[in-house]
Amino acid sequence: MTRRMSLASAFLLVLLTLSIPPALALEENERLWLVGERAFADNLFPLAARALDRFVTRYPDDSRVPQAFLLLGRARLSLNDNEGALDAFRRAGKLTPPPGQPMEARFWEAEALFRLKRYQEARAAYDDVIRTNAAAPFAADALYGFGWTELEMKRPDPAVTAFREFLQSWPDNRLAPSATYQLARALIEQKKYKDAIPLLAGFSKKYPDHKLVADAQYLLGWTKIRAGDTKGGVADLKAFVEAYPTHELSADARKLVTSTAARSGDRSELQETYASLMNQNPPTPEGLAEAVSVAGRLGRVHDQEAAWKKMAAEFPTHPLTRKLAFDLASSAFKRKDWSQAVTLGESAARSDDESTKAEAWLLVGESDLKLKRFAAAVKAFEAVGAVDGVDGGVRYRALAGLGLAREEQKELRAALTAYESVASKSPDAALREWARERAGAVRARLGTKSPTKPPAVKPRRSS
(Lines give C-alpha, C1' and ligand atoms only; values in the text may rest on other atoms or scores of the structure.)
Protein backbone atom coordinates (compact mmCIF):
# COMPACT_ATOMS: atom_id res chain seq x y z
CA MET A 1 0.00 0.00 0.00
CA THR A 2 2.82 2.42 0.91
CA ARG A 3 4.66 1.75 -2.33
CA ARG A 4 1.43 2.24 -4.31
CA MET A 5 0.97 5.65 -2.66
CA SER A 6 4.59 6.58 -3.37
CA LEU A 7 4.16 5.78 -7.06
CA ALA A 8 0.92 7.74 -7.15
CA SER A 9 2.57 10.77 -5.55
CA ALA A 10 5.49 10.60 -7.96
CA PHE A 11 3.07 10.37 -10.88
CA LEU A 12 1.21 13.44 -9.64
CA LEU A 13 4.51 15.33 -9.49
CA VAL A 14 5.07 14.51 -13.16
CA LEU A 15 1.65 15.94 -13.91
CA LEU A 16 2.59 19.14 -12.12
CA THR A 17 5.66 19.60 -14.29
CA LEU A 18 3.59 19.43 -17.48
CA SER A 19 2.12 22.57 -18.98
CA ILE A 20 -1.55 22.90 -18.07
CA PRO A 21 -3.95 23.88 -20.87
CA PRO A 22 -6.04 27.01 -20.17
CA ALA A 23 -9.23 24.98 -20.17
CA LEU A 24 -7.98 22.99 -17.19
CA ALA A 25 -6.49 25.93 -15.21
CA LEU A 26 -9.33 25.96 -12.71
CA GLU A 27 -8.38 22.44 -11.66
CA GLU A 28 -4.79 23.27 -10.73
CA ASN A 29 -5.65 24.03 -7.11
CA GLU A 30 -7.17 20.57 -6.80
CA ARG A 31 -4.03 18.99 -8.27
CA LEU A 32 -1.68 20.91 -5.96
CA TRP A 33 -3.74 20.10 -2.88
CA LEU A 34 -4.01 16.42 -3.82
CA VAL A 35 -0.27 16.09 -4.48
CA GLY A 36 0.70 17.97 -1.31
CA GLU A 37 -1.69 16.10 0.98
CA ARG A 38 -0.87 12.65 -0.39
CA ALA A 39 2.88 13.28 -0.53
CA PHE A 40 2.85 14.39 3.11
CA ALA A 41 0.90 11.27 4.14
CA ASP A 42 3.46 9.18 2.24
CA ASN A 43 6.42 10.95 3.93
CA LEU A 44 7.56 12.40 0.61
CA PHE A 45 8.35 15.69 2.28
CA PRO A 46 10.30 17.48 -0.51
CA LEU A 47 7.42 16.86 -2.91
CA ALA A 48 4.83 17.83 -0.29
CA ALA A 49 6.66 21.08 0.52
CA ARG A 50 6.88 22.12 -3.14
CA ALA A 51 3.24 21.36 -3.92
CA LEU A 52 1.84 22.96 -0.76
CA ASP A 53 4.02 26.06 -1.15
CA ARG A 54 2.63 26.55 -4.67
CA PHE A 55 -0.90 25.95 -3.39
CA VAL A 56 -0.82 28.61 -0.64
CA THR A 57 0.96 31.09 -2.92
CA ARG A 58 -1.36 30.76 -5.93
CA TYR A 59 -4.66 30.20 -4.14
CA PRO A 60 -4.62 32.25 -0.91
CA ASP A 61 -8.46 32.36 -0.80
CA ASP A 62 -8.94 28.59 -0.93
CA SER A 63 -10.68 27.28 2.20
CA ARG A 64 -7.97 24.62 2.61
CA VAL A 65 -5.12 27.15 2.94
CA PRO A 66 -5.00 27.00 6.79
CA GLN A 67 -4.58 23.21 6.71
CA ALA A 68 -2.10 23.56 3.83
CA PHE A 69 0.07 25.93 5.90
CA LEU A 70 0.02 23.44 8.79
CA LEU A 71 1.10 20.56 6.55
CA LEU A 72 3.67 22.78 4.82
CA GLY A 73 5.22 23.67 8.17
CA ARG A 74 5.44 20.04 9.24
CA ALA A 75 6.97 19.05 5.89
CA ARG A 76 9.59 21.78 6.25
CA LEU A 77 10.28 20.70 9.82
CA SER A 78 10.94 17.17 8.58
CA LEU A 79 13.41 18.65 6.07
CA ASN A 80 15.19 20.63 8.83
CA ASP A 81 14.02 23.91 7.28
CA ASN A 82 13.18 25.20 10.74
CA GLU A 83 12.91 28.88 9.81
CA GLY A 84 10.56 28.06 6.94
CA ALA A 85 8.52 25.80 9.20
CA LEU A 86 8.21 28.52 11.83
CA ASP A 87 6.90 30.97 9.23
CA ALA A 88 4.29 28.45 8.01
CA PHE A 89 3.07 27.61 11.51
CA ARG A 90 2.76 31.27 12.48
CA ARG A 91 0.77 32.03 9.34
CA ALA A 92 -1.45 29.01 9.99
CA GLY A 93 -2.11 30.17 13.55
CA LYS A 94 -3.37 33.56 12.36
CA LEU A 95 -6.00 32.14 10.03
CA THR A 96 -9.66 31.53 10.84
CA PRO A 97 -10.72 28.92 11.61
CA PRO A 98 -7.38 27.64 12.99
CA PRO A 99 -6.31 24.41 11.26
CA GLY A 100 -5.98 20.98 12.81
CA GLN A 101 -6.69 20.14 16.41
CA PRO A 102 -7.00 22.81 19.14
CA MET A 103 -3.65 24.67 19.62
CA GLU A 104 -1.94 22.42 17.06
CA ALA A 105 -0.36 25.29 15.09
CA ARG A 106 0.95 26.89 18.30
CA PHE A 107 2.42 23.56 19.43
CA TRP A 108 4.30 23.07 16.15
CA GLU A 109 5.49 26.65 16.36
CA ALA A 110 7.03 25.79 19.74
CA GLU A 111 8.70 22.73 18.20
CA ALA A 112 10.26 24.85 15.45
CA LEU A 113 11.46 27.42 17.98
CA PHE A 114 13.02 24.68 20.10
CA ARG A 115 14.95 23.34 17.12
CA LEU A 116 16.15 26.87 16.43
CA LYS A 117 17.39 26.99 20.05
CA ARG A 118 15.16 29.98 20.76
CA TYR A 119 14.28 28.40 24.07
CA GLN A 120 12.63 31.39 25.76
CA GLU A 121 10.16 31.78 22.89
CA ALA A 122 9.62 28.02 22.69
CA ARG A 123 8.86 27.91 26.42
CA ALA A 124 6.20 30.63 26.01
CA ALA A 125 4.58 28.75 23.13
CA TYR A 126 4.51 25.44 25.01
CA ASP A 127 3.06 27.28 28.01
CA ASP A 128 0.27 28.73 25.84
CA VAL A 129 -0.78 25.23 24.77
CA ILE A 130 -0.82 23.95 28.36
CA ARG A 131 -2.61 26.96 29.84
CA THR A 132 -5.23 27.18 27.09
CA ASN A 133 -6.34 23.58 27.39
CA ALA A 134 -4.53 21.07 29.58
CA ALA A 135 -6.65 18.33 28.01
CA ALA A 136 -5.72 19.30 24.44
CA PRO A 137 -4.32 16.51 22.25
CA PHE A 138 -0.88 18.15 22.27
CA ALA A 139 -0.83 19.05 25.96
CA ALA A 140 1.39 16.11 26.97
CA ASP A 141 3.95 16.86 24.25
CA ALA A 142 3.81 20.54 25.17
CA LEU A 143 4.51 19.88 28.84
CA TYR A 144 7.41 17.60 27.91
CA GLY A 145 8.81 20.30 25.61
CA PHE A 146 8.28 22.92 28.32
CA GLY A 147 10.37 20.86 30.77
CA TRP A 148 13.14 20.35 28.24
CA THR A 149 13.35 24.08 27.43
CA GLU A 150 13.77 24.78 31.15
CA LEU A 151 16.56 22.21 31.27
CA GLU A 152 18.27 23.75 28.24
CA MET A 153 18.05 27.18 29.89
CA LYS A 154 19.82 25.73 32.98
CA ARG A 155 16.74 26.08 35.16
CA PRO A 156 16.45 22.64 36.77
CA ASP A 157 13.84 23.54 39.40
CA PRO A 158 10.94 24.22 36.98
CA ALA A 159 12.20 21.37 34.77
CA VAL A 160 11.83 18.93 37.68
CA THR A 161 8.31 20.22 38.34
CA ALA A 162 7.31 19.84 34.68
CA PHE A 163 8.65 16.33 34.22
CA ARG A 164 7.14 15.12 37.50
CA GLU A 165 3.76 16.55 36.50
CA PHE A 166 4.08 14.88 33.10
CA LEU A 167 4.77 11.45 34.62
CA GLN A 168 1.91 11.81 37.09
CA SER A 169 -0.58 12.88 34.40
CA TRP A 170 0.55 10.66 31.52
CA PRO A 171 2.52 7.68 32.96
CA ASP A 172 1.82 5.54 29.88
CA ASN A 173 2.53 8.19 27.27
CA ARG A 174 5.08 7.33 24.57
CA LEU A 175 7.29 10.13 25.97
CA ALA A 176 7.24 8.75 29.54
CA PRO A 177 10.66 7.01 29.20
CA SER A 178 12.29 10.19 27.90
CA ALA A 179 10.57 12.26 30.59
CA THR A 180 11.94 9.88 33.25
CA TYR A 181 15.46 10.26 31.89
CA GLN A 182 15.15 14.05 31.63
CA LEU A 183 13.77 14.21 35.19
CA ALA A 184 16.88 12.36 36.38
CA ARG A 185 19.06 14.84 34.49
CA ALA A 186 17.25 17.77 36.10
CA LEU A 187 17.66 16.25 39.57
CA ILE A 188 21.36 15.77 38.89
CA GLU A 189 21.60 19.45 37.91
CA GLN A 190 20.14 20.18 41.35
CA LYS A 191 22.80 17.85 42.84
CA LYS A 192 20.00 15.65 44.20
CA TYR A 193 21.85 12.48 43.26
CA LYS A 194 20.00 10.18 45.63
CA ASP A 195 16.68 11.24 44.12
CA ALA A 196 17.94 10.60 40.59
CA ILE A 197 19.38 7.13 41.29
CA PRO A 198 16.03 5.24 41.65
CA LEU A 199 14.78 6.68 38.35
CA LEU A 200 17.91 5.53 36.52
CA ALA A 201 18.21 2.19 38.33
CA GLY A 202 14.71 1.14 37.32
CA PHE A 203 14.90 2.48 33.77
CA SER A 204 16.05 -0.69 31.98
CA LYS A 205 13.45 -2.85 33.69
CA LYS A 206 10.60 -0.44 33.08
CA TYR A 207 11.57 0.49 29.52
CA PRO A 208 13.81 -2.37 28.29
CA ASP A 209 13.50 -1.54 24.58
CA HIS A 210 13.93 2.22 24.78
CA LYS A 211 16.81 3.92 22.96
CA LEU A 212 17.95 5.65 26.18
CA VAL A 213 18.61 2.42 28.12
CA ALA A 214 22.37 2.63 27.53
CA ASP A 215 22.52 6.33 28.40
CA ALA A 216 20.58 5.69 31.60
CA GLN A 217 23.02 2.91 32.57
CA TYR A 218 26.00 5.22 32.09
CA LEU A 219 24.33 8.07 33.96
CA LEU A 220 23.47 5.70 36.82
CA GLY A 221 27.13 4.80 37.34
CA TRP A 222 28.24 8.42 37.06
CA THR A 223 25.57 9.54 39.55
CA LYS A 224 26.42 6.85 42.10
CA ILE A 225 30.06 7.94 42.08
CA ARG A 226 29.03 11.56 42.62
CA ALA A 227 26.77 10.42 45.44
CA GLY A 228 29.71 8.67 47.16
CA ASP A 229 28.94 5.07 46.16
CA THR A 230 32.16 4.56 44.22
CA LYS A 231 32.04 0.76 44.30
CA GLY A 232 28.47 0.65 43.00
CA GLY A 233 29.16 3.33 40.43
CA VAL A 234 32.24 1.57 39.08
CA ALA A 235 30.30 -1.71 38.86
CA ASP A 236 27.53 -0.02 36.86
CA LEU A 237 30.02 1.63 34.52
CA LYS A 238 31.82 -1.65 33.92
CA ALA A 239 28.49 -3.31 33.13
CA PHE A 240 27.74 -0.45 30.73
CA VAL A 241 31.06 -0.84 28.89
CA GLU A 242 30.65 -4.61 28.67
CA ALA A 243 27.12 -4.30 27.28
CA TYR A 244 27.82 -1.35 24.95
CA PRO A 245 31.54 -1.41 24.03
CA THR A 246 31.10 0.82 20.96
CA HIS A 247 28.74 3.36 22.53
CA GLU A 248 29.88 6.98 22.25
CA LEU A 249 30.08 7.19 26.08
CA SER A 250 32.15 4.00 26.52
CA ALA A 251 35.47 5.84 26.40
CA ASP A 252 34.26 8.27 29.07
CA ALA A 253 33.05 5.36 31.19
CA ARG A 254 36.44 3.62 31.03
CA LYS A 255 38.26 6.80 32.00
CA LEU A 256 35.89 7.38 34.89
CA VAL A 257 36.40 3.83 36.16
CA THR A 258 40.17 4.27 35.97
CA SER A 259 40.27 7.71 37.59
CA THR A 260 37.91 6.58 40.36
CA ALA A 261 40.03 3.53 41.13
CA ALA A 262 43.17 5.68 41.09
CA ARG A 263 41.67 8.21 43.51
CA SER A 264 40.59 5.47 45.89
CA GLY A 265 44.05 3.89 45.71
CA ASP A 266 42.54 0.50 44.89
CA ARG A 267 45.30 -1.32 42.97
CA SER A 268 43.26 -4.51 42.70
CA GLU A 269 40.49 -2.53 41.01
CA LEU A 270 42.99 -1.06 38.56
CA GLN A 271 44.46 -4.49 37.82
CA GLU A 272 40.99 -5.88 37.20
CA THR A 273 40.24 -2.94 34.91
CA TYR A 274 43.43 -3.57 32.94
CA ALA A 275 42.58 -7.25 32.48
CA SER A 276 39.04 -6.40 31.40
CA LEU A 277 40.25 -3.88 28.83
CA MET A 278 42.84 -6.28 27.41
CA ASN A 279 40.25 -9.08 27.10
CA GLN A 280 37.59 -6.89 25.51
CA ASN A 281 36.13 -8.60 22.44
CA PRO A 282 36.19 -7.06 19.95
CA PRO A 283 39.00 -4.76 21.05
CA THR A 284 38.65 -1.01 20.54
CA PRO A 285 41.39 1.62 20.21
CA GLU A 286 39.87 3.58 23.09
CA GLY A 287 39.84 0.51 25.34
CA LEU A 288 43.45 -0.42 24.59
CA ALA A 289 44.58 3.18 25.04
CA GLU A 290 42.94 3.15 28.45
CA ALA A 291 44.70 -0.16 29.23
CA VAL A 292 48.03 1.53 28.51
CA SER A 293 47.06 4.36 30.85
CA VAL A 294 46.00 1.97 33.62
CA ALA A 295 49.24 0.03 33.37
CA GLY A 296 51.12 3.32 33.64
CA ARG A 297 49.23 4.24 36.81
CA LEU A 298 50.20 0.85 38.23
CA GLY A 299 53.84 1.40 37.25
CA ARG A 300 53.86 -1.83 35.24
CA VAL A 301 55.99 -1.05 32.19
CA HIS A 302 55.76 -4.56 30.72
CA ASP A 303 51.95 -4.49 30.83
CA GLN A 304 52.05 -1.06 29.23
CA GLU A 305 54.17 -2.41 26.40
CA ALA A 306 51.86 -5.40 25.98
CA ALA A 307 48.82 -3.13 25.62
CA TRP A 308 50.70 -0.90 23.20
CA LYS A 309 51.81 -3.82 21.02
CA LYS A 310 48.24 -5.13 20.84
CA MET A 311 46.99 -1.68 19.92
CA ALA A 312 49.68 -1.23 17.24
CA ALA A 313 48.81 -4.64 15.78
CA GLU A 314 45.02 -4.15 15.84
CA PHE A 315 44.86 -0.44 14.91
CA PRO A 316 48.20 0.51 13.30
CA THR A 317 46.99 3.69 11.58
CA HIS A 318 44.49 4.96 14.16
CA PRO A 319 45.20 8.53 15.42
CA LEU A 320 45.06 7.28 19.02
CA THR A 321 47.80 4.78 18.22
CA ARG A 322 50.11 7.54 16.97
CA LYS A 323 49.35 9.82 19.92
CA LEU A 324 49.90 7.00 22.38
CA ALA A 325 53.19 6.10 20.70
CA PHE A 326 54.43 9.63 21.30
CA ASP A 327 53.33 9.61 24.95
CA LEU A 328 55.09 6.28 25.53
CA ALA A 329 58.19 7.46 23.68
CA SER A 330 58.35 10.51 25.97
CA SER A 331 58.06 8.26 29.03
CA ALA A 332 60.80 5.97 27.71
CA PHE A 333 63.06 8.98 27.13
CA LYS A 334 62.52 10.20 30.70
CA ARG A 335 63.54 6.83 32.12
CA LYS A 336 66.57 6.83 29.74
CA ASP A 337 65.37 3.88 27.69
CA TRP A 338 66.74 5.44 24.51
CA SER A 339 66.18 2.44 22.22
CA GLN A 340 62.52 2.17 23.20
CA ALA A 341 62.14 5.92 22.75
CA VAL A 342 63.46 5.60 19.17
CA THR A 343 61.15 2.70 18.30
CA LEU A 344 58.05 4.39 19.68
CA GLY A 345 59.03 7.82 18.40
CA GLU A 346 59.41 6.53 14.83
CA SER A 347 55.90 5.09 15.07
CA ALA A 348 54.54 8.40 16.37
CA ALA A 349 56.32 10.25 13.54
CA ARG A 350 53.95 8.59 11.06
CA SER A 351 51.12 10.66 12.52
CA ASP A 352 49.01 12.86 10.25
CA ASP A 353 49.23 15.60 12.86
CA GLU A 354 52.14 17.89 11.92
CA SER A 355 52.88 18.94 15.49
CA THR A 356 53.06 15.33 16.74
CA LYS A 357 55.19 14.37 13.75
CA ALA A 358 57.73 17.16 14.39
CA GLU A 359 58.01 16.50 18.12
CA ALA A 360 58.33 12.77 17.53
CA TRP A 361 61.25 13.21 15.10
CA LEU A 362 62.91 15.58 17.59
CA LEU A 363 62.61 12.96 20.32
CA VAL A 364 64.02 10.27 17.99
CA GLY A 365 66.97 12.49 17.10
CA GLU A 366 67.78 13.28 20.73
CA SER A 367 67.54 9.58 21.62
CA ASP A 368 69.88 8.66 18.76
CA LEU A 369 72.35 11.24 20.06
CA LYS A 370 72.30 9.49 23.44
CA LEU A 371 72.94 6.18 21.65
CA LYS A 372 75.81 7.83 19.69
CA ARG A 373 74.07 6.95 16.43
CA PHE A 374 74.98 10.25 14.83
CA ALA A 375 74.02 9.51 11.21
CA ALA A 376 70.53 8.41 12.33
CA ALA A 377 70.28 11.48 14.53
CA VAL A 378 71.07 13.75 11.55
CA LYS A 379 68.24 12.18 9.54
CA ALA A 380 65.78 12.59 12.40
CA PHE A 381 66.70 16.24 13.02
CA GLU A 382 66.48 17.04 9.31
CA ALA A 383 63.03 15.40 9.24
CA VAL A 384 61.91 17.95 11.82
CA GLY A 385 62.83 20.78 9.47
CA ALA A 386 60.86 19.14 6.66
CA VAL A 387 57.58 19.32 8.61
CA ASP A 388 55.29 22.17 7.56
CA GLY A 389 54.57 24.87 10.13
CA VAL A 390 56.76 23.37 12.84
CA ASP A 391 56.87 25.31 16.12
CA GLY A 392 59.91 27.59 16.49
CA GLY A 393 60.98 26.03 19.78
CA VAL A 394 60.97 22.54 18.24
CA ARG A 395 62.70 23.71 15.08
CA TYR A 396 65.68 25.29 16.89
CA ARG A 397 66.05 22.41 19.34
CA ALA A 398 66.33 20.17 16.27
CA LEU A 399 68.93 22.52 14.72
CA ALA A 400 70.90 22.46 17.96
CA GLY A 401 70.82 18.66 17.93
CA LEU A 402 71.81 18.67 14.28
CA GLY A 403 74.82 20.83 15.15
CA LEU A 404 75.91 18.33 17.82
CA ALA A 405 75.49 15.37 15.49
CA ARG A 406 77.47 17.10 12.71
CA GLU A 407 80.17 18.08 15.18
CA GLU A 408 80.51 14.46 16.32
CA GLN A 409 80.81 13.45 12.67
CA LYS A 410 83.61 16.07 12.38
CA GLU A 411 81.55 18.01 9.83
CA LEU A 412 82.50 21.24 11.57
CA ARG A 413 81.35 23.79 9.02
CA ALA A 414 77.86 22.20 8.85
CA ALA A 415 77.81 22.16 12.66
CA LEU A 416 78.83 25.84 12.78
CA THR A 417 76.02 26.79 10.35
CA ALA A 418 73.44 25.07 12.58
CA TYR A 419 74.80 26.64 15.78
CA GLU A 420 74.88 30.15 14.30
CA SER A 421 71.25 29.82 13.17
CA VAL A 422 70.19 28.80 16.68
CA ALA A 423 72.30 31.53 18.29
CA SER A 424 70.70 34.25 16.18
CA LYS A 425 67.08 33.10 15.84
CA SER A 426 66.01 30.72 18.63
CA PRO A 427 63.20 32.05 20.87
CA ASP A 428 64.85 30.31 23.85
CA ALA A 429 67.46 32.62 25.45
CA ALA A 430 69.25 29.76 27.22
CA LEU A 431 69.48 27.78 23.99
CA ARG A 432 70.82 30.83 22.15
CA GLU A 433 73.58 31.26 24.74
CA TRP A 434 74.47 27.56 24.57
CA ALA A 435 74.63 27.73 20.74
CA ARG A 436 76.97 30.75 20.92
CA GLU A 437 79.35 28.81 23.16
CA ARG A 438 79.27 25.75 20.86
CA ALA A 439 79.79 27.97 17.81
CA GLY A 440 82.81 29.59 19.51
CA ALA A 441 84.32 26.19 20.26
CA VAL A 442 83.86 25.05 16.66
CA ARG A 443 85.42 28.25 15.30
CA ALA A 444 88.41 27.68 17.53
CA ARG A 445 88.81 24.20 16.06
CA LEU A 446 88.49 25.64 12.57
CA GLY A 447 90.87 28.50 13.35
CA THR A 448 88.36 31.14 12.36
CA LYS A 449 87.14 34.22 14.19
CA SER A 450 83.66 35.28 15.13
CA PRO A 451 82.00 37.43 12.51
CA THR A 452 82.46 41.05 13.58
CA LYS A 453 81.61 44.39 12.08
CA PRO A 454 84.49 46.07 10.17
CA PRO A 455 86.13 48.97 12.09
CA ALA A 456 84.73 52.38 11.38
CA VAL A 457 87.01 54.47 9.10
CA LYS A 458 87.46 58.00 10.35
CA PRO A 459 87.37 60.62 7.64
CA ARG A 460 90.76 62.24 7.08
CA ARG A 461 90.88 65.91 7.94
CA SER A 462 91.52 67.92 4.85
CA SER A 463 94.72 70.01 4.92
Listing, residues 386-407 side-chain donor-acceptor contacts under 3.5 Å, not counting sequence neighbours, or none:
residue : atom : partner : partner atom : Å
Asp391  : OD2  : Gly393  : N            : 3.0
Asp391  : OD2  : Val394  : N            : 3.4
Arg397  : NE   : Glu366  : OE2          : 3.4
Arg397  : NH2  : Glu366  : OE1          : 3.0
Arg397  : NH2  : Glu366  : OE2          : 2.9
Arg406  : NH1  : Glu411  : OE1          : 2.8
Arg406  : NH2  : Glu382  : OE2          : 3.0
Glu407  : OE1  : Tyr419  : OH           : 2.6
Glu407  : OE1  : Arg438  : NH2          : 2.9
Glu407  : OE2  : Arg438  : NH2          : 2.4
Glu407  : OE2  : Arg445  : NH1          : 3.4

Testing the basics here: between Ala360 and Ala349, what is the closest heavy-atom pair and its distance to 0.1 Å?
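Closest approach of Ala360 to Ala349, heavy atoms only: CB-N, 3.6 Å.
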
Does the pair [X]/[Y] count as a salt bridge with the N-to-O cut at 4.0 Å?
| X | Y | answer |
| --- | --- | --- |
| Glu290 | Arg297 | no |
| Glu408 | Lys372 | no |
| Arg91 | Asp87 | yes |
| Arg123 | Glu150 | yes |
| Arg90 | Glu121 | yes |

Can you check whether [Y]'s main-chain N or O pairs, donor with acceptor, with [X]'s side chain at less than 3.5 Å?
| X | Y | value |
| --- | --- | --- |
| Thr260 | Leu256 | yes |
| Thr180 | Ala176 | yes |
| Arg106 | Tyr126 | no |
| Ser331 | Asp327 | yes |
| Asn279 | Ala275 | yes |
| Asp42 | Leu44 | no |
| Gln217 | Asp236 | yes |

Results of side chain to side chain donor-acceptor pair (under 3.5 Å) for Glu314 - residues two or more places apart only:
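Scan of Glu314 (side chain to side chain donor-acceptor pair (under 3.5 Å), adjacent residues dropped) gives none.
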
Are Tyr218 and Trp222 close enough that their ring centers fall under 6.0 Å?
no

Near-ring test Phe89/Phe69, centroid separation under 6.0 angstrom
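No, the ring centres sit 6.0 Å or more apart.
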
Tell me the side chain to side chain donor-acceptor pair (under 3.5 Å) pairs involving residues 73-84, sequence neighbours left out?
Asp53-Arg76

Is the count of non-hydrogen atoms from other residues, nucleotides or ligands lying under 6.0 Å from [X] atom [atom1] greater than 12?
| X | atom1 | value |
| --- | --- | --- |
| Arg335 | CZ | yes |
| Lys255 | NZ | no |
| Lys323 | NZ | no |

Determine the interplanar angle of the Tyr244 and Phe240 rings, folded into 0 to 90°, and report it as parallel if under 30°, tilted if 30 to 60°, perpendicular if over 60°.
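Answer is tilted, since the angle falls between 30° and 60°.
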
Under 3.5 Å, side-chain donor or acceptor atoms of residues 184-212 against the rest of the protein: list the pairs with distances, not counting sequence neighbours.
residue : atom : partner : partner atom : Å
Arg185  : NH1  : Gln182  : OE1          : 2.7
Gln190  : NE2  : Asp157  : OD1          : 2.5
His210  : ND1  : Leu212  : N            : 3.0

I need the full list of ring-ring contact (aromatic ring centres under 6.0 Å, His included) pairs touching residues 326-355, with sequence neighbours left out, sorted by first then second residue.
Phe333-Trp338

Got a sec, which pairs hit ring-ring contact (aromatic ring centres under 6.0 Å, His included) with one end in residues 344-379, sequence neighbours left out?
none

